[in-house]
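Worksheet: one structure, shown below.
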There are 2 protein chains.
Amino acid sequence: MARAATTSDAFNAVAEPRRRQILELLAEGERPVAALVERLGVAQPLVSKHLRVLREVGLVNVREEGRRRLYRMDGRPLQDIYVWVSRYQAVWDERFDLVDTVLGELKAREGE
Amino acid sequence: MARAATTSDAFNAVAEPRRRQILELLAEGERPVAALVERLGVAQPLVSKHLRVLREVGLVNVREEGRRRLYRMDGRPLQDIYVWVSRYQAVWDERFDLVDTVLGELKAREGE
DNA sequence: GCATAACATGTCCATATGGGTATGTAATTC
DNA sequence: GAATTACATACCCATATGGACATGTTATGC
């Protein structure tokens, strides 16, 4: 077997830096392909290909408006990644403990 | 160009399901290669190769003990992923707002 | 010292990638 | 309706992958 398809899940789709850039741009709002091409400075067919991958994993939606296709981000598939990574958050994040502390204090105060 | 190397960053290293499994096992504690081979049920050379990738992105450390190599997880490189994904957390996580609420209430209570 | 255990590394293969270039298709403009 | 615009798709290439198999290397046991 070769490497898992980029379209197999959000993990693989987002591993590509350019696709992350595209999502960052689309997070600003709905955009036609030409706008992405301009901001990214890459060939249009390449952008279309990346958008196809993002579409297949559900990270973007398309809406047709005349001869333009308006793309919009849908972050929900990122939850899988968030959930998986969060399990190891304690390793690096000091605030991880802080949140526990804060929530604990809040609970204690409720008992006052 | 082809796809970015699996060793280029944590994003790419973790895109492979088997490598995520390995990290999950190593999260339980330090383990020799043989233990991973047994739990994963895959060929030893393949496990060694995956470990190499994880080592190159800093997700695991090795310690030599006789003829065994004890691998240990280091979650820190996952922070990059966490940080990136967290930006879009609001999209799917209701508790995102909840945390804001809780912290806000705590702050309000402090003013009592 | 020799067999063996615990790994790492090398080679081979099928596969799909990202990029580049060319072409197809549908909507708009004149 | 012909030209053009806004895309998607097709085809090409070099590259690196995950897996299977074979072999190298070092430490241990006898």
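Order of the sequence lines sets the chain letters (A, B, ...), proteins ahead of strands, with each chain counted from 1.
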I would like to know whether Y88(B) and R76(A) meet side chain to side chain donor-acceptor pair (under 3.5 Å); could you show each step before the answer?
-> CA-CA 8 Å; Y88(B) 309 105; R76(A) 283 176 296 177; over 6 Å; no
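Comparing K49(A) and R67(A) against DNA chain D, the residue whose closest nucleotide sits nearer the 5' end is R67(A). The residue among E65(A) and L46(B) whose nearest nucleotide of DNA chain C lies closer to the 5′ end is L46(B).
Between Y71(B) and dA6(C) there is no side-chain polar atom (N or O) within less than 4.0 angstrom of OP1 or OP2. Regarding contacts with the backbone of dG19(C), a side-chain N or O of R18(A) is found under 4.0 angstrom from either OP1 or OP2. For the pair R3(A) and dT15(D), the criterion of a side-chain N or O lying under 4.0 Å from OP1 or OP2 is not met. Remark: H50(A) is in phosphate contact with dG19(C), judged by side-chain N or O atoms under 4.0 Å from OP1 or OP2.
Salt-bridge annotation for R3(A) and E16(B): absent, with no side-chain N of the basic residue lying under 4.0 Å from a carboxylate O of the acidic one. Between E24(A) and R20(A) there is no salt bridge, since no side-chain N of the basic residue sits under 4.0 Å from a carboxylate O of the acidic one. Note on R39(A) versus E28(A): salt bridge recorded, some NZ/NE/NH1/NH2 to OD/OE distance being below 4.0 Å.
Of the candidates dC7(D), dT15(C), dT9(D), dC7(D) carries the atom nearest the R68(A) side chain, counting heavy atoms from C-beta on. With distances taken from any side-chain atom of R69(B) to the nucleotides dT15(C), dG19(D), dC7(C), the minimum falls on dC7(C). Of the candidate nucleotides dT17(D), dT9(D), dC21(D), dC21(D) has the atom nearest to the side chain of P45(B).
Within 4.0 Å (heavy atoms only), P32(A) reaches sugar-phosphate atoms of the nucleic acid but no base atom. At a threshold of 4.0 angstrom between heavy atoms, the contacts of A43(B) with the nucleic acid are absent. Using a 4.0 Å heavy-atom criterion, one finds that T6(A) contacts the sugar-phosphate atoms exclusively.
For the pair L51(B) CG and dG18(D) C1', the interatomic distance rounds to 14 Å; values are reported in whole Å. N12(A) places its CG atom 14 Å from the C1' atom of dA16(D), with the value rounded to the nearest Å. Nucleotide dT25(D) holds its C1' atom 12 Å from the CD atom of E64(B), rounded to whole Å. We find that CD of E16(A) is positioned 17 Å from P of dA16(C), with the value rounded to whole Å. In this structure, F11(A) places its CZ atom 15 Å from P of dG18(D), rounding to the nearest Å. Straight-line distance from the CE atom of M1(B) to the P atom of dG20(C): 8 Å, rounded to whole Å. One atom, CD of E38(B), and another, P of dA6(C), lie 11 Å apart when rounded to the nearest Å. dA8(D) atom P lies 12 Å from atom CG of L54(A), rounded to whole Å.
Using a 3.5 Å distance cut-off with no hydrogens or angles, the side chains of Q89(A) and Y82(B) do pair a donor with an acceptor.
Checked by distance alone, Q44(A) brings no side-chain donor or acceptor within 3.5 Å of a matching partner on the base of dA6(D).
Put simply, CZ on R63(A) and CZ on R68(A) are 9.0 Å apart, with the number rounded to the nearest 0.5 Å.
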